Student: 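Got a structure for you, written out below as structure tokens; questions coming shortly.
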Amino acid sequence: MKALKLLSAVVLSAAVYAPSYAAGYPEKPVTVIVPFPAGGASDTTARVTTQKMQESLGQPIVVENKPGANGSLGAGQVAQAKPDGYTLMVASIGVYAINPALYKSLPYDPTKNFDLLTVAVRTPNVLVANPSFPANNVQELVAYLKKNPEKVTFASSGAGSSDHLTAALFWQKTGTTGVHVPYKGGAPAITDLIGGHADVSFQNLGAVSNHIKAGKLKLLAITSDKRNQSFPDAPTLKEAGVEGVEVYSWQAIAAPKGLPADVKGKLEQSLTAALNSPDVKTKFNDIGFEVVANTSGQFSEFLNQEISRWKTVVETGKITADQ
Amino acid sequence: METVANLWLGLETALSFWNLAYCMIGVLLGTAIGVLPGLGPVATIAMLLPVTFGLPPVSALIMLAGIYYGAQYGGSTTAILVNLPGESSSVVTALDGYQMARQGKAGKALATAAIGSFFAGTVATILLAIFAPPLADLALKFGPAEYFSLMVLGLVASIVLAHGSLLHAFGMIILGLILGLIGTDVNSGMTRFTFDLPQMADGIGFVIVAMGVFGLGEIIGNLENESTRTVMLKSVTGLMPTRQDLKRIAAPVLRGTALGSMLGILPGGGAMLASFAAYTLEKKVSRHPEQFGKGAIEGVAGPESANNAGAQTSFIPMLTLGIPSNPVMALMIGAMIMQGIQPGPSVMTEQPVLFWGLIVSMWIGNLFLLVLNLPLIGLWVRMISVPYHFLYPAILVFCAIGVFSLNNATFDVYLMAIFGFLGYVFRKLDCEPAPMLLGFILGPMMEEHLRRAMLISKGDATVFLSRPISATMLVIALILLVTVLAPAVRRKREEAFQEEG
């Protein structure tokens, strides 16, 4: 009898505690899918951010790399995952804004399949050249390009990458031309740029800042709206007389469409806190990233602008990368 | 003098208790995952990356580096014992190493690999310590044209890999080239031969093909013909190489070390060629080329030294320029970034403890590997005597896990099964898979560099001859081609004359 009483007490108390337990998202580890290989910019963003988020969410966050097809393979899987807050995605401008402009059929629609959470970080691209390249600033480069049409080689980290499209945008806005030389990722492109096998390139600031400091690359301009504190002497493209090439590479976080409101609120709160914490900010700043941490509303508005902008660039430049 | 002071600093760092411990953990883990088929350093390091955040940067990198070269080392064990090359570099080790194992000389093959690797690792570490910066500058001289010519040389050399019919080898290389075309074209971004499957958009992974064609093909073949297995068990002779063996492998180890050290520096996939090149060289200079492919000890010593030397020197572009030469190095750079270290030319001056500590730890790690593995050889060899009906399901499971871990995709496991069947068919047709794998690796790289070189030269094909490094390699390739084909042609003619007479 005593035992039964005890048992019923246990059962009862369990029943009482159950509802609050269910509302206590997260109650198991959260998976963050990165649709690129480990070690890249999206992966770094994911790992630095989630390491901090774990503290406030109280559950481990597992980063899972699902690379393939310019990130659309992993993004497609996230689009189809259950919107319970246990599957998130950290991906780049390419996945959110450029793939939709480039490919006719994608396994996801960035504006329809995701609950956009926040743009985590952004980094400006910089226009760099091999030190022996004749032009020393943007004006000289534009003049040189006009005098030597279809001659200067622009290295990029791949056909349809953000740096490829930045170069295309630059040509369109300055009325110049060049030879696009795609590589498999940023690293080999930078290597050939340093080696003098390619002439110029638009690269993420973080990826080349050390090479600029060491004098292995020549910095011509930066694509942000303001000058960068690490390189105060480098003009923005706007200052150098090229309008409309304000470009950032950015990394953003999203979940499958249809998150419960309380889960979404909790995630947003945890994300904002993590991204704005001083140590995370320093870590990002050290590698040339600037924390954005905007609201989901701002993200969604920004995404629409980016998609239509890159669509125009792709259409004007007749850029193709379609299966 | 400065080098000595630097090395001393490195020694102090690497010999601290915790760094020694992490080095040990790294090489142990590396050996383990290297031995397990399919599980590679890339997946392991990616999984361990979060763990390293809590460590000091030096310890983290020492451990990750240990995993990398430990895996290179462990990979040859599986290649020798069960014909399963988990890394592109151990494909050629499998050629003669596995034959040696079948003749009961597995211990000797493993010991040869261990000694060769240790020697090569030592030399490469010294090179790294003394010549890192100038060597890195040399690596930058390699542009698309040079890489293309290097690949041509590699491809011509790969014909030498074959020890059967030249025609079969040729056919397999072409098949490899064609398989390599699958995936996204780098220049246009278009996908080719993917059947609209997004899983194929990045091409087929090397490990998938190697595991399937070598590993699964071998298993099906063995199951069909149980008698070939029993031969291996009959006589396990001489675990350690004799004095005569050591004499035989001295020169191949030296040549392999030199070749591997040079190719390892090139960030555009030179290290991949190291073991292939060493094998080709050994077969060419050997007085008994007919023994190659049938268990020649030189065929293990040369490539194993080359592969380990290459693994060490591939750190040069990463440490001195911040340029990753392979996916593992890309991950190491990721780890450095997470630790707040911006990889690049400044690492050497701003982080001398890290730079020199890592270099010295690599030599210590190599020593660990030797001490660890020589006594283990007996154990490994006994592993082959495990009844095959226990061994092969285990191998299958590990292959499946390993392949899955690459991209976390089940699709890859099915793909491996298909290649397993193909591997069996190749066996039946007497077609060797090694030339195909080389074609598969080199084909896409050749195409990429060729088209990039042409793009940069604005369609001027003379660029391959006007650039000295490129021209030299093309000339060597031509000479090699003539020496390979000439005897065959002469023989044909002699045969023809005899028939007439």
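First the proteins, then the strands, lettered A, B, ... as listed; each starts at 1. Worth saying up front: this structure is predicted, and the values here are computed from it rather than measured. Side chains included, hydrogens not; waters and symmetry mates left out as well; all remaining heavy atoms used.
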Student: Is Q77(A) close to chain B through its backbone or its side chain, or both, or neither, when contacts mean heavy atoms under 4.5 Å?
Tutor: neither

Student: Does a side-chain heavy-atom distance below 4.5 Å link L455(B) with V179(A)?
Tutor: yes

Student: Checking F154(A) now: which residues fulfil ring pair (Phe, Tyr, Trp, His ring centres under 6.0 Å) with it, not counting sequence neighbours?
Tutor: W171(A)

Student: If you check every heavy atom in residues 197-206 of chain A against those of chain B, which residues fall under 4.5 Å?
Tutor: H197(A), G206(A)

Student: Quick one: what part of I456(B) sits under 4.5 Å from any heavy atom of chain A, side chain, backbone, both or neither?
Tutor: both

Student: Less than 4.5 Å apart, side chain to side chain, heavy atoms only: is that true for T153(A) and K458(B)?
Tutor: yes

Student: More than 12 foreign heavy atoms under 6.0 Å from CD of Q229(A): is that the case here?
Tutor: no

Student: Please list, chain by chain and in numerical order, all residues satisfying side-chain contact (heavy atoms from CB on, under 4.5 Å) with P198(B), sequence neighbours excluded.
Tutor: L73(A)

Student: Could you tell me which portion of K216(A) (side chain, backbone, both or neither) has an atom closer than 4.5 angstrom to a non-hydrogen atom of chain B?
Tutor: side chain

Student: Against chain B, label K283(A) side chain, backbone, both or neither, depending on which of its atoms sit under 4.5 Å from a heavy atom there.
Tutor: side chain

Student: To the nearest 0.5 Å, tell me how far L266(B) CG sits from T191(A) OG1.
Tutor: 11.5 Å

Student: For chain B, which residues from residues 59-71 of chain A have at least one heavy atom closer than 4.5 Å to it?
Tutor: E64(A), N65(A), K66(A), P67(A), G68(A), A69(A)

